[in-house]
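Just so it is clear, the structure is predicted and the values come from calculations on it, not from any experiment. Per chain, numbering begins at 1; letters A, B, ... match sequence-line order.
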Amino acid sequence: MILFIAKRAAQAVLVMLVVALIAFALFRYVGDPINNMVGQDTTFEQRQELRQTLGLNDPFFVQFARFVGHAVQGDFGQSYQLRQPVSELIAQRFPATFELSMVSALMALVIGIPMGVYTALNRKSISSRLFMTLSLVGISLPTFLIGILLILFFGVILRWLPTFGRGEVVQIGWWSTGLLTKSGLESLIMPAITLAIFQMTLIVRLVRAEMLEVLRTDYVKFARARGLKPRTVNFTIALKNTLVPVMTIIGLQVGSIIAFAIITESVFQWPGMGLLFIQAIHQVDIPIMAAYLMLIALIFVIINLIVDILYVVVDPRLRVSGK
Amino acid sequence: EPFHYAFQGDVQSLDPMGLNETFTIGYLGNIYEGLTHYDKDMKIEPGLATDWKQTGPDTWRFNLRKNVKFHGGQDFTAEDVVFSWKRSLTEGSDFKGYGQKIKDIKVIDDHTIDITTPEPNPIFPREVVYLYIMDKGWAEEHNATKATSPKAGDDNSTYAAQHANGTGPFELVSRQPDVKSTLKRFDGYWDKDIPTNVTDVTFTPISQDATRTAALISGELDMAWPIPLQDWNRLENAKGVKILHAPDARTIFLGMDQFRDELLYSSVKGKNPLKDKKVREAMAHAIDLKVIDQKIMRGAAEPAGELIGPQINGFVKSLNTPYEYDPEKSKKLLEEAGYPDGFELGMDCPNNRYVNDALICQAVAGLLARVGIRIDLNAQPKSKYFAKVSPQSGNDTSFYLLGWTPSTFDAHNALFNLVATFDTEKNQGQFNYGHYSNPKIDELTDKIVSETDQAKRQEMITEAMTLLKDDVGYLPIHQQPLSWGVRDGVSVAQRADDVIDLRDVVIEKAK
Amino acid sequence: MSVLLDIDGLKVVFESRHGDVTAARNVCLSIASGEILGVVGESGAGKSTIGNAAMGLLERPGKVAGGTVTLEGERIDGLPPEAMRRLRGAKISMIFQDPLTSLDPLRTIAEQLVTTMTTHLPLSEREARKRAVALMHEVGIPDPEARIDDYPHQFSGGMRQRVVIALALCAEPNVIIADEPTTALDVSIQAQILDLLRKLVRTKGAGMIIITHDMGVIAEIADRVAVMYRGEVVEAGPTRKILGDPDHDYTKSLISAVPRPDVKLDRFPLVEHIESAGSRRSLDLKTHWLGQKRDYGALDGPLLSVRDLEMTFRVGSMFGGGRRSVNAVDGVSFDIAAGETFGLVGESGSGKSTIARLVTGIYQPTGGAIVFAGTDLAGITRRRELNRHRRQMQMIFQDPYSSVNPRKKVGAIVAEPILFHKLAGSRAEVNRIVADLLDHVGLGAKVAGKYPHEFSGGQRQRISIARALATRPRFLICDEPTSALDVSIQAQVLNLLKDLQAELGLTMLFISHDLPVIRQMCDRVAVMRRGRIEEIAPTEDLFERPQNEYTRHLLKLMPKMTGAAA
Amino acid sequence: MSEVEGVVEGETIGVWGRMVQSDLWYSFTHSPLAMISALFALVFILACLFAGFVAPHDPFNLASVSLFDSLLPPAWQDGGNISYLLGTDDQGRDVFSTILYGGRISLLVGFLSVAFAAVLGIAVGLVAGYAGGITDAIFMRIADIQLSFPAILIALLIDGVFRGLLPRGLHDEVAVYVLVLSIGLSFWVQYARTVRSSVMIERTKEYVQAGQVIGLPPGTILFRHILPNVLGPVLVIATIQLALAIITEATLSFLGVGVPPTQPSLGTLIRIGNDYLFSGEWWITIFPGIALVLLVLSINLLGDWLRDALNPKLR
Ligand SMILES: Nc1ncnc2c1ncn2[C@@H]1O[C@H](COP(=O)(O)OP(=O)(O)OP(=O)(O)O)[C@@H](O)[C@H]1O
Ligand SMILES: Nc1ncnc2c1ncn2[C@@H]1O[C@H](COP(=O)(O)OP(=O)(O)OP(=O)(O)O)[C@@H](O)[C@H]1O
Ligand SMILES: [Mg+2]
Ligand SMILES: [Mg+2]
């Protein structure tokens, strides 16, 4: 186990190096940071000077090497725009994104999995067909549209929920949480729903598809033949077997919820990493982009590691290493 | 009274020498002050200087205000002015341009200084509005004597980018980039006569137009801008909010590549049709500014014929009549120029910089298509757009849209940056992406800069602008509108540079 | 004796777009307490279907179209699902035919047993677990304390079958429907299980239906026998009567096809009653594609020679502790001469299937050599070279359920090797060959368009056989090829194998625990136990003069069909 | 009787005959939902393909679009114009025609990118799951790398590279393929990881061993035997991602990579209309929105049906 994790940690480092490499190759195409860093009165020469100072004229692998050199020491540089250490910025933003993602992931799972099971068990019933169809409407509308429609309805017309931001937050150490205040919770509702809808649809459909397969297996039949309670058969036996393949996607989804809450965050002006990142793209704030991408790489490596470990925890067949 | 407002972007840095960007310096103008100050009509009024006069062609005497305290309790003295000026010239500063307008400062006494300029400068008081004064002691204490550098690991701290200590009517309470910044009224502010009754100010950046508008309508904000033009109707009809609008000092215009022998993006090979004045004229007559105003800008813009607007010193009213819309004439001109079937032309356009920028470009493309000029539109976010069209990549464009507000509110700024021949040596024409060039205008521009006789100066500006218009060097489109949404019961002064000065915000007592 | 279960006039149909299939019609069966009813019949006759129907477990598209099922005087067909559920496991239980897929792969044996018990019996988890261990011991799992926390995939087929039995019995039902409970077991375990079942029925006054095609088992355990043929009960009566003096033609032919444990015959007595499964043409191997011989170079020495073969599985969690090794094959050596049939018998889990997989290259041995036709397969690294040799080998798999791809039609499954190795000229010829093969294994050419799940276990096994034959192999490994087949089909298939061998000089490694079958089929036999070979001897010598203690033990336990008319 | 009529392979009944007789067709004709969905999808796709004939206007021809006609409401509302059935957008393009013309781009991008992602992802997943070990580790780490880049950045990269490599003027032609490539590249991981996990289970089954014994090369075993058994979830993801791809395309176009604003796709049209939701010009969003929802709905319902129909056990 320790060996396994050590191996994966080594791979993670490699992954992050490659991510950084690609990132630096890519930054050339995002635009020019200088223009956003200076006012219109700044002369051409001063711009060139600034470019030189920042090392933007260096070949990209020189920039890359410099970045890695610093990153190894835990220094991800300073935001061009905000003139603040990037690690500080990300630490400030992480809690917001994390809380939002976890709440919506939870929402997607708590609604998605039982719904998937239900629709698989009652494959032909009107209600499950209706649900399957309705769930599609949610995903065929773009996220930004869903967000705006929610704002329009609950924020502007009904005025039930705040339209933007995170509400009051409570500071616990470096972590800021919105889960402890009323306005924080209220602010969370709409973004979380917006973010969860897509994941939920996917989970419902996947669980249903896998569940249909598993329900036909002999061991489920045998479990029924032993008179086990339907709850045991459907959830303990069938659902668990369903989860092995579904786990992958759920893992990926949780990862991408964290990583790419970009649109939701910018629609609701949710002060998380996604907003920071989209802002950084607009401003070509290379240090932020680089650090963010590395963080996301790390998150995915960790999530995939967890998923791989979970496979083995859930599926004993994978524990054999005979071949 | 609390005041809660939102803009589409955030304050970029709290360092007053950090970024010379309208919103940021506008916001910091509530915390910091310069020697002079714009009033709500963009007229110069005393700031930290009580009065000033030109004592020689290149010397100005400023008398400084007494009994002014910084938020931290320090006294304001001439030392601070000298310090701030020097700081504006340090490496990380984006205000070198302003700093360089000063050659030297001689301290006469604690509250009197003599400033010399490198050359005679008739509009000098305008140049120091945004040279905000910091406290020397405070900066030294926090190792913030240099402007915050964008580069990490430099010995200067980032303290000044996250903290503020000015003399303005509001002091900083907290700031979280892109999330929220709060100010509170500074008790010790020297000017007890400012109209505002605001005590606590919360500022939130909200980047999405729709979200911002929604937050305003739902009552979560007292004020928000910019409000998308198409939402004006909605806001007018909504209870409790109103639209405040006026022409912006910014003029939007189209520029054309007039220096290459063959256009980069065109079907015409071997020659550059845009060098031909007839073609430029044809384009000018093909673009219906009225319909753009009516349909794209919902009637809120001011179609323009001149590169600068009425708010700008040097504006000539007679030149501001747009080129006449006459597609027939356009076609005829094109035919005369040898393009009876028109041609293809690539166009670059930002899509998140100006009000409805991409839409304007699309409309222009549509209008030009009707006379045979087929536009291939490349609309991009501003960071990519500017990277492409600016001199650093060799002005990689054939036809582009740009907007300009002269930061000094003086015509020379526009002539120098947009119209004068592109020349890196002299730093002129840096925004003249199409390299329009007229030696006569260059000559005039050089003279305007130091001409102190206002009447003569105006004459020269008028001449230069007339030459430009005759050449069809640019195709002005309009002055875009300022578009603020304000809650009923809140009164604000809408400045032509799109800055809200909290000194003028008055909130009616809660009903 | 009170009647426990009474099935009266039962009719089951499978609806399909091509019309309804009646899998059982007018079936009447009943059992009293303390009684064991044997149900025999051809594969696909509807035996399992009846069991499912009685349990209320028929799945779409199957449905009960008529008749009644009465349990202890109460009608249970058409009972609401929840009421039916309470009965299942507690009052009436079923042992499924396929042990390999009947167990939840993700939960330990202990968990599965405990849940079942606590669902029906007022037991605490600890008590349940204790009983589970005892039960495991009862069904003959060695070292139950340790193995109860294993997962199903860590057990051999036979062991899993015992677990399935334990699961079916753990809530002490009165009526047990056992669908081929001992098919996958070796004789010693089979004897144990039969003993166990018998004891259960006798002491607890339970009643049991035992579905099987092993006449030996029937003779051993059943009080009465019902013979099913094409969905109908054609004959029923006391065991002695049915086995000794059958009335119905089908029963007669069935009895005659039972392999004799005592004498070795040249061929299996051919089943006269051939009307099942369409027209079962026999092939003229002299002219048929299947008989076309391929030339292999001259060969001196054995065709297959296995030396000191070793296979160690490492089992255990990746989270440190609990890792242990299983020496599934532990220093095995034997030779098989060309044209010979070499038998491999031994208790379940002794490593027979593992040897088969090693020889075919599915597993890489951890030690030893496999020399095929003079070439050491372990020494070849080039895949193509290896394949050239491997192509001459084929294998019939033990588990008919997972050895055919559920997503492919039967025709495509059988055609694949022919197409892949380009063994036939045209698509039409392939189709003809496939049809012939399917016909020949007794499925009928028409099944080509169906999917495997539409077949009974025995029918699926025949698909697997047809597929193996489709490469015209030189060397055939048969891993329990007929364990799921009824004796008439078994005779048919075994005769086919014998014919092929005679015509083509086919060499076979024949794995089975059915000793009579081994005796009929094999030239030499190896007896395996715990990964080692105990004894190798020519068949007749082994059966007549066993040298080894263990061999003698096995032979003693071999069920005999007393009173068989032959 | 225990024998039923089966379809005997190789009978000469012709392609059409075989199709009508096939199980798939049977199941199709017995599922009204599938038939309605197919009908809608077919009509929509055909209308898009032949937009030039079906649409009353050509919204991509700048010369024919007039700003004067912009923001007209649907024909039945006050101020509507019968020539613009569903109203016009901010540039005066006929919404109905733009739905068809733009639908063509959206469909192209959607189908191509999903196909690209699926093919790539499935292939990688199969190989990684089957081979295991180091191959698996390499592919899965590549997937991790891939996952770290949002579609937006990938699109910027590819767009940048294309612009660098291709001569000027070719950009518009390749714009669509840049989109396809970027969206495809950011989608494949889902398939790869899903397929991989299923393959890891499937490869232990005996039918796989049977294939090995026949001598089938790993490729054949993977694609012919294992693949059909792991396709269930893949179909789910593919049908859902179709919607996602169409929407992603709209987002990317906003960032200046992708289709030019003068030729809006369905998603872009929705995005444009999004700006006009508050101001009362709802038709610019709502009609393309409905078109998209119906399209996605019908394709997903077809996908649901297909997945169930392809699973012999569920028939
Ligand atoms: N799901 C199904 N769909 C269609 N036909 C089926 C289905 N399941 C079983 N059948 C048919 O029902 C008949 C009876 O099958 P059953 O499983 O009861 O046979 P069996 O007597 O148990 O055979 P075996 O001894 O080989 O297990 C077979 O002909 C089979 O083809
Ligand atoms: N893939 C595997 N991983 C771990 N252990 C295994 C594996 N395959 C087989 N074994 C173990 O190897 C031993 C021999 O198994 P094998 O399947 O060869 O037995 P068998 O003689 O064929 O038994 P049966 O007659 O029941 O089929 C058993 O103890 C089994 O648990
Ligand atoms: Mg059966
Ligand atoms: Mg075995």
Side-chain angles (χ1 to χ4, degrees), chain A residues 1-8 120-125 210-247 305-306 308-323, chain C residues 51-52 55-57 59 81-82 84-98 100-108 111-112 115-116 119-120 150-154 164 167-168 170-171 173 177 311-320 322-323 326 328 362-364 366 401 453:
Chain A
M1 180 66 188
I2 291 167
L3 190 77
F4 178 70
I5 289 180
K7 219 157 51 180
R8 286 298 278 271
L121 290 176
N122 308 290
R123 189 157 75 98
K124 306 244 152 167
S125 81
E210 280 300 313
M211 192 77 179
L212 283 177
E213 298 267 321
V214 171
L215 284 176
R216 288 274 157 168
T217 56
D218 286 348
Y219 54 83
V220 168
K221 235 166 113 182
F222 187 45
R224 291 216 182 99
R226 280 178 279 147
L228 297 186
K229 296 199 184 83
R231 193 153 40 89
T232 317
V233 176
N234 295 334
F235 289 90
T236 319
I237 298 177
L239 183 59
K240 197 173 174 193
N241 275 282
T242 303
L243 285 186
V244 177
V246 173
M247 226 159 46
L305 174 68
I306 293 175
D308 282 351
I309 291 177
L310 274 183
Y311 277 161
V312 177
V313 171
V314 172
D315 194 337
R317 284 169 293 184
L318 300 176
R319 282 175 220 168
V320 187
S321 51
K323 279 178 82 172
Chain C
N52 284 332
M55 297 283 295
L57 283 175
E59 278 176 19
E82 176 57 21
M84 194 63 218
R85 178 190 72 73
R86 283 174 198 282
L87 293 180
R88 282 200 294 263
K91 292 258 186 256
I92 177 167
S93 189
M94 185 157 177
I95 298 165
F96 273 89
Q97 188 169 356
D98 176 26
L100 294 167
T101 54
S102 289
L103 296 171
D104 179 358
L106 302 189
R107 297 194 311 146
T108 62
E111 283 172 329
Q112 306 194 29
T115 342
T116 313
T119 306
H120 294 295
D150 278 357
Y151 289 92
H153 73 279
Q154 289 166 289
V164 169
L167 273 168
C170 66
I177 302 172
M311 184 67 196
T312 310
F313 291 104
R314 282 214 313 252
V315 191
S317 73
M318 58 192 297
F319 304 101
R323 231 173 217 289
V326 175
I362 294 168
Y363 293 163
Q364 295 303 317
T366 44
Y401 290 87
H453 76 105

Once you round to the nearest 0.5 Å, how far does OG1 of C:T115 lie from CG of A:L228?
6.5 Å
Give the minimum heavy-atom separation between A:Y219 and C:P105, together with the two atoms involved.
CE2-CD, 3.5 Å
Is it the side chain or the backbone of C:E111 that comes within 4.5 Å of chain A heavy atoms, both, or neither?
neither
On a heavy-atom basis, the closest approach of A:A225 and C:R88 is O-CB, 3.4 Å
Partners passing salt bridge (charged side-chain N to carboxylate O under 4.0 Å, His left out) against A:R226 (at least two apart in sequence or in another chain)
none
Taking all heavy atoms of A:F222 and all of C:M94, pick out the closest pair and write down the distance.
CE1-O, 3.2 Å
Distance col, row A:I237:CD1 vs C:L103:CG, nearest 0.5 angstrom, shows 10.5 Å
side-chain contact (heavy atoms from CB on, under 4.5 Å) for C:R107 and A:T236? Distances and angles first, verdict last.
CA-CA 9 Å; C:R107 297 194 311 146; A:T236 319; 3.7 Å; yes
Per-residue tally against chain A (heavy atom, under 4.5 Å) across C:N52, C:I95, C:V164 peaks at C:V164
Among C:S102, C:A90, C:G89, the residue with the most heavy-atom pairs under 4.5 Å to chain A is C:S102
What residue in C:T108, C:T116, C:T119 has the most heavy-atom pairs under 4.5 Å with chain A?
C:T116
